[in-house]
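Take a look at the structure below.
Along the sequence shown, residues are numbered consecutively beginning with 1. All values below come from the heavy atoms of this structure, side chains included, with hydrogens, waters and symmetry mates left out.
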Amino acid sequence: MGRSRGGLTTKIHALTNQDGLPIRYELTPGQAHDAPPCEQLLDGLQPGQYVLADKAYDADWIRKMIWEQGAIDVIPSKSNRKLPAEFDVDIYRERNKIERFFGRLKASFRRIATRYEKTSANFLAMIKLASVRLWCQFYESAA
């Protein structure tokens, strides 16, 4: 966990499925850049899968890693990129499922949103517990 004037800060990086349910997590300190955890998160992609990510993940090495696995990247270019990469805007609209996942995750347990846990192991355990609840709610309501 990172420290700032506001206290402990942590970024949650998540890989979700097409329904917005979590598959993998990585935690980084709040002051760290978003891109480094991609290597662990994006390992084992299936050919033809779409990888939707925001501009923070716009890096050539990330795109190359996605292509090498046969997946398709849907990542908008950062404003400072000299040659902007093309992406499918219609598919990118589905990224709101990821944002809704983070909203549900923080709504499930207030301690995740306010980061009550002092250690990263306990914080990750609470995230996984909340995720189990999300998976159960999804399959409980499905007929």
Side-chain angles (χ1 to χ4, degrees), residues 1-4 6-81 84-143:
M1 294 204 178
R3 269 208 191 271
S4 69
L8 296 173
T9 59
T10 306
K11 286 184 185 175
I12 305 167
H13 305 272
L15 178 69
T16 64
N17 66 6
Q18 66 274 5
D19 297 318
L21 296 172
I23 297 171
R24 286 189 213 138
Y25 295 106
E26 288 290 327
L27 295 179
T28 58
Q31 71 271 16
H33 192 271
D34 289 345
C38 284
E39 264 184 274
Q40 293 84 20
L41 282 177
L42 299 178
D43 186 35
L45 294 173
Q46 301 297 320
Q49 273 186 319
Y50 288 100
V51 177
L52 284 65
D54 63 7
K55 291 181 181 185
Y57 297 95
D58 177 32
D60 291 333
W61 68 271
I62 294 174
R63 291 178 189 274
K64 183 180 176 194
M65 183 175 56
I66 293 169
W67 294 333
E68 285 174 350
Q69 297 181 55
I72 303 158
D73 67 290
V74 184
I75 305 171
S77 298
K78 289 191 240 176
S79 60
N80 63 351
R81 188 182 261 280
E86 292 183 20
F87 70 101
D88 192 334
V89 177
D90 294 327
I91 294 173
Y92 186 71
R93 287 189 182 121
E94 294 292 314
R95 202 180 78 76
N96 73 60
K97 291 179 182 176
I98 298 167
E99 298 300 330
R100 290 194 322 238
F101 155 70
F102 279 111
R104 287 191 312 258
L105 182 71
K106 291 178 180 180
S108 295
F109 287 94
R110 192 178 103 205
R111 66 186 316 128
I112 293 173
T114 55
R115 290 176 173 56
Y116 282 165
E117 308 304 326
K118 301 295 182 206
T119 64
S120 58
N122 288 347
F123 187 61
L124 187 59
M126 289 307 297
I127 291 169
K128 289 180 179 181
L129 185 62
S131 297
V132 168
R133 185 175 175 187
L134 293 176
W135 273 91
C136 290
Q137 286 173 348
F138 181 80
Y139 282 106
E140 180 180 283
S141 62

Closest non-hydrogen atom pair, Ile66 against Val51: CD1-CG1, 3.7 Å
Flag, side chain of Gln69 to backbone of Leu42, donor-acceptor distance under 3.5 Å: yes
Atom pair CG (Leu45) and CD1 (Ile72), whose distance is rounded to the nearest 0.5 Å: 11.0 Å
More than 12 heavy atoms of other groups within 6.0 Å of Gln49 CD: yes
Straight-line distance of Leu105 CG to Arg100 CZ, nearest 0.5 Å: 14.5 Å
Approximate separation, where rounding is to 0.5 Å, of Lys97 NZ and Arg104 CZ: 10.0 Å
Heavy-atom closest pair, residues Lys55 and Lys78: O-CG, 3.3 Å
Side chain to side chain contact (heavy atoms under 4.5 Å, CB included) between His13 and Tyr57, worked out: CA-CA 11 Å; His13 305 272; Tyr57 297 95; 2.8 Å; yes
Nearest heavy atoms of Asp58 and Pro76, plus distance in Å: CB-O, 3.6 Å
Stepwise side chain to side chain contact (heavy atoms under 4.5 Å, CB included) test for Ile75 and Phe87: CA-CA 6 Å; Ile75 305 171; Phe87 70 101; over 6 Å; no
Nearest atoms (heavy-atom pairs only) where Trp61 meets Cys38: CH2-CB, 4.1 Å
Spatial distance of atom CG (Leu124) from atom CD (Glu26) [nearest 0.5 Å]: 8.5 Å
Atom of Lys106, atom of Ala113 and distance for their closest heavy-atom approach: CB-CB, 3.9 Å
Gap between atom CZ of Phe102 and atom CD1 of Ile127 - 0.5 Å precision: 8.5 Å
Gap between atom CG of Leu21 and atom CG of Leu15 - 0.5 Å precision: 11.5 Å
Stepwise side chain to side chain contact (heavy atoms under 4.5 Å, CB included) check, Leu52 with Gln18: CA-CA 10 Å; Leu52 284 65; Gln18 66 274 5; over 6 Å; no
Lys128 atom NZ, neighbour heavy-atom count above 12 within 6.0 Å: no
Minimal non-hydrogen separation, Arg63 against Ser77, with atom names: NH2-OG, 4.2 Å
Side chain to side chain contact (heavy atoms under 4.5 Å, CB included) evaluation trace for Ile12 with Phe123: CA-CA 10 Å; Ile12 305 167; Phe123 187 61; 4.0 Å; yes
Asn17 side chain vs Asp19 backbone, donor-acceptor pair below 3.5 Å: yes
Arg24 (side chain) donor-acceptor with Asp43 (main chain) under 3.5 angstrom: yes
